[in-house]
Asks: 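Handing you a structure now.
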Amino acid sequence: MSVRVRFAPSPTGFLHIGGLRTALYNYLFARHHGGACILRIEDTDQTRFVEGAEENIIDISRWAGMEFDESPEKGGPHGPYRQSERTKLYRQYADELLANDMAYRAFDTSEELEAMRERQKNAGIAAKYDRTVMRSEYTLGPDETKRLLDQGADCCIRLKVPVSGEIRFNDIVRGEVIVNARDVDDQILLKSDGFPTYHLANVVDDHLMEISHVIRGEEWLPSTPKHVLLYQAFGWDMPTFAHLPLLLNEDRSKMSKRFGDVFAKSFREKGFFADALVNFVALLGWNPTSDREIFSMQELIDLFTLEKVNKAGAIFDTKKLEWMNAQYLRNANPESLLPQLQVILHEHDIEISDERAKDILTLLRERITFLNEIPGFGAYMFSDDYVIDEEYKAKHWTAESSAIISSLLPLMKGLEEFNHIAINDTIGAFTKENGITSKLFIHPLRMIITGKPVGAGLYETMEMLGKEVCIRRIERFLSEEGTR
RNA sequence: GGUCCCAUCGACUAAUGGUUAGGUCACCACCCUUUCAAGGUGGCAGUACGGGUUCGAAUCCCGUUGGGAUCACCA
């Protein structure tokens with residue numbers, strides 16, 4: 001049987017980082033086995049629909065390097081891939097269940113249900129729909145049921161869960177899971193608005209779309225028995241389940257907005273590379289080995305197996321993600337980063353050649369984590385109008401600094417080749433001869449030329465800036481300093 | 001609270017009965033060095049607890065504790 005998996009988000013908001021990981025594991029598994037990865041939009045809740053959510057899911061997936069084989073926008077042999085466009089189907093299957101006495105109608109209002117739960121709570125028993133007491137077709141009887149139906153009363157369809165026995169299923173990451181049927185609620189399958197709930201739609205679609213493996217978050221584990229029951233009620237083969245460990249906040253609760261930005265797009269906006277984010281997130285809950293951290297998408301695909309997925313949830317550590325991003329920044333081919341860098345520079349009204357952008361990138365990338373730090377971190381690379389760090393200046397600009405820097409100026413002016421080796425040799429020889437220690441002139445020079453205490457090698461930086469710019473900045477500073 | 005799931009350094013994890021319990025992030029120190037980084041070297045730090053099974057347990061079993069998920073006409 002061929003591998004067919006699906007990522008089935010509901011368009012209720014921007015794609016969550018946990019969703020991205022679920023999508024990724026599905027994608028890796030499919031590609032590893034040469035199977036298909038399908039995107040199915042589960043938009044059966046009319047009230048929670050969010051405009052643009054579906055676009056965001058597709059956009060982010062593509063950014064992350066995942067291309068679905070079948071999807072709402074692309075189509076495919078099992079479409080439509082949006083559940084709201086498949087409602088007739090679910091109605092049909094619900095009717096089939098009704099006909100086989102595997103499901104039944106219920107007419108309770110939300111107030112009645114609320115009251116039921118209240119009673120159960122007070123009695124200290126588990127909240128669970130009781131079809132022998134509530135307004136189900138069993139208590140109402142066929143005549144009253146028909147009367148209500150004819151009258152057009154609101155009615156939902158519930159799964160008739162066996163009163164006893166065990167429900168078992170196998171999960172690749174969890175092993176065998178066993179639940180008592182008596183603990184399973186008579187799940188609503190079809191809402192009174194005619195839309196299916198997740199459970200019905202999901203099972204029907206997974207069957208119809210010939211899904212072989214259901215790979216989803218652990219939050220679905222408690223409702224899987226209901227899905228098992230549904231497969232049995234329809235007489236369908238079950239897919240293989242794999243429930244992924246949750247992504248956690250630092251307090252070990254399920255990762256949520258409360259602890260910061262959890263939308264995948266926020267990570268893109270912050271400047272994380274898609275490759276780095278994918279790499280990082282892939283390693284949260286799965287690990288192919290222990291002596292490596294950096295993997296390309298293709299390597300992840302080659303190595304991925306569900307058997308190696310962990311059971312325990314994983315805390316999302318942004319620090320490590322940042323480290324990984326910095327790794328990607330340093331190890332990338334500079335050429336490949338130029339398009340992104342130019343976009344960033346352009347946003348800051350900086351227009352320079354690719355050649356120069358590449359040189360600057362190569363010089364600065366070792367000290368930053370994000371590409372988008374370049375305009376700020378390297379402000380002095382693009383303009384004479386940069387801020388001088390007052391603390392740095394206060395610390396290193398001493399009484400004799402002016403004289404020292406002034407004495408270096410003619411040496412620089414005299415350089416034919418203004419490269420870091422020549423600058424180093426010339427200044428080095430002079431200062432050594434005159435007994436000037438390096439910190440007496442290095443810091444003042446750096447302060448004048450870059451404004452800040454951090455940065456690439458000073459002489460390399462000066463070379464990059466060029467003779468003219470360096471001399472201009474020094475003279476400007478000296479004259480401003482002299483007039484104080 | 002019911003049900004289910006889970007448990008190795010602070011974090012991510014490796015070790016699928018035999019290792020001085022390994023790696024990475026973070027942190028600390030040192031080296032390198034014109035700053036800051038990067039890089040290098042070293043360090044800190046863990047099998048939740050208690051019982052079994054076994055010659056031998058992080059690993060298998062039971063219990064305890066702790067954490068989490070879930071209990072909607074949401075997904």
Side-chain angles (χ1 to χ4, degrees), chain A residues 8-12 42-45 47-48 106 108-110 113-114 117 120-121 124-128 154-158 171 173-175 177-180 182-185 187-199 201-202 216-225 243 245-246 248 250-254 280 283-294 307-308 310-324 326 330 364-369 377 392 396 424 427-428 437-439 441-443 445-447 450 452-461:
Chain A
S10 55
T12 55
E42 310 223 328
D43 55 348
T44 56
D45 186 357
T47 63
R48 294 211 306 162
D108 315 270
T109 63
S110 51
L113 291 169
E114 186 103 2
R117 287 188 201 105
Q120 289 166 333
K121 192 183 169 191
I125 57 176
K128 199 186 151 199
D154 269 2
C155 139
C156 69
I157 295 175
R158 286 182 180 265
D171 184 293
V173 343
R174 318 265 147 195
V177 179
I178 306 171
V179 181
N180 280 312
R182 83 174 101 88
D183 293 323
V184 178
D185 202 4
Q187 184 62 50
I188 288 176
L189 302 176
L190 206 71
K191 301 180 261 186
S192 55
D193 65 359
F195 276 78
T197 58
Y198 171 86
H199 309 280
N202 192 265
R216 82 230 296 194
E218 193 190 337
E219 69 268 27
W220 292 107
L221 200 53
S223 50
T224 305
H243 286 93
L246 260 19
L248 272 24
E250 55 215 0
D251 72 346
R252 304 211 81 93
S253 60
K254 188 169 151 186
F280 177 71
L283 263 24
L284 251 28
W286 170 79
N287 214 299
T289 169
S290 66
D291 53 8
R292 247 184 94 185
E293 299 289 333
I294 306 298
E307 284 72 20
K308 295 212 82 174
N310 295 133
K311 299 181 205 305
I315 294 176
F316 190 95
D317 180 10
T318 310
K319 275 259 171 38
K320 188 160 182 178
L321 206 209
E322 284 172 359
W323 167 80
M324 200 168 269
R330 281 172 209 127
L364 300 183
R365 81 209 294 206
E366 298 269 298
R367 5 233 127 196
I368 56 179
T369 301
F377 184 87
Y392 189 42
H396 294 285
N424 180 45
I427 294 187
T437 61
S438 50
K439 74 171 188 182
F441 66 92
I442 285 280
H443 292 299
L445 248 193
R446 174 180 291 283
M447 185 267 291
T450 75
K452 54 177 67 172
V454 297
L458 178 58
Y459 301 144
E460 284 82 354
T461 303

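A, B, ... follow the sequence lines: proteins, then strands. Residue 1 opens every chain.
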Asks: Which nucleotide in the set rC25(B), rU34(B), rA75(B) lies at the smallest distance from any side-chain heavy atom of T44(A)?
Replies: rA75(B)
Asks: Ignoring hydrogens and angles, does a donor from either the side chain of K320(A) or the base of rU24(B) sit under 3.5 Å from an acceptor on the other?
Replies: yes
Asks: Are R48(A) and D45(A) close enough for a salt bridge, meaning some N to O gap below 4.0 Å?
Replies: yes
Asks: Once you apply the 3.5 Å cut-off to both distances, tell me the Watson-Crick or G-U wobble partner of rU47(B), or none.
Replies: none
Asks: Looking only at side-chain N and O atoms, does K308(A) come under 4.0 Å of OP1 or OP2 in rU16(B)?
Replies: no
Asks: Identify the nucleotide, in any strand shown, that forms a Watson-Crick or G-U wobble pair with rU59(B), with both distances under 3.5 Å; if there is none, say none.
Replies: none
Asks: Could you go step by step and tell me if D171(A) and E218(A) meet the side-chain contact (heavy atoms from CB on, under 4.5 Å) rule?
Replies: CA-CA 11 Å; D171(A) 184 293; E218(A) 193 190 337; over 6 Å; no
Asks: If you compare every side-chain N and O of R292(A) against the phosphate oxygens of rU13(B) (OP1, OP2), does one of them come in below 4.0 Å?
Replies: no
Asks: Is there a side-chain contact between V454(A) and Y392(A), using heavy atoms and a 4.5 Å cut-off?
Replies: no
Asks: rC61(B) and rC5(B): how far apart are their P atoms, nearest whole angstrom?
Replies: 13 Å
Asks: Is there a side-chain contact between R48(A) and the phosphate of rA75(B), meaning an N or O under 4.0 Å from OP1 or OP2?
Replies: no
Asks: Distance check: side-chain N/O of R117(A) vs OP1/OP2 of rC73(B), anything under 4.0 Å?
Replies: yes
Asks: Establish whether the base of rC73(B) is bridged to the side chain of S192(A) by a donor-acceptor pair shorter than 3.5 Å.
Replies: yes
Asks: rA75(B), OP1 or OP2 - any side-chain N/O from K191(A) closer than 4.0 Å?
Replies: yes
Asks: Identify the nucleotide, in any strand shown, that forms a Watson-Crick or G-U wobble pair with rU33(B), with both distances under 3.5 Å; if there is none, say none.
Replies: none
Asks: When both hydrogen-bonding distances must be under 3.5 Å and the geometry is Watson-Crick or G-U wobble, what is rU70(B) paired with, if anything?
Replies: rG2(B)
Asks: Check whether any side-chain nitrogen or oxygen of N310(A) sits under 4.0 Å from OP1 or OP2 of rA7(B), and answer yes or no.
Replies: no
Asks: Let's test this: given Watson-Crick or G-U wobble pairing with both distances under 3.5 Å, identify the partner of rU65(B).
Replies: rA7(B)
Asks: Any side-chain N or O of R158(A) less than 4.0 Å from the OP1 or OP2 oxygen of rA72(B)?
Replies: no
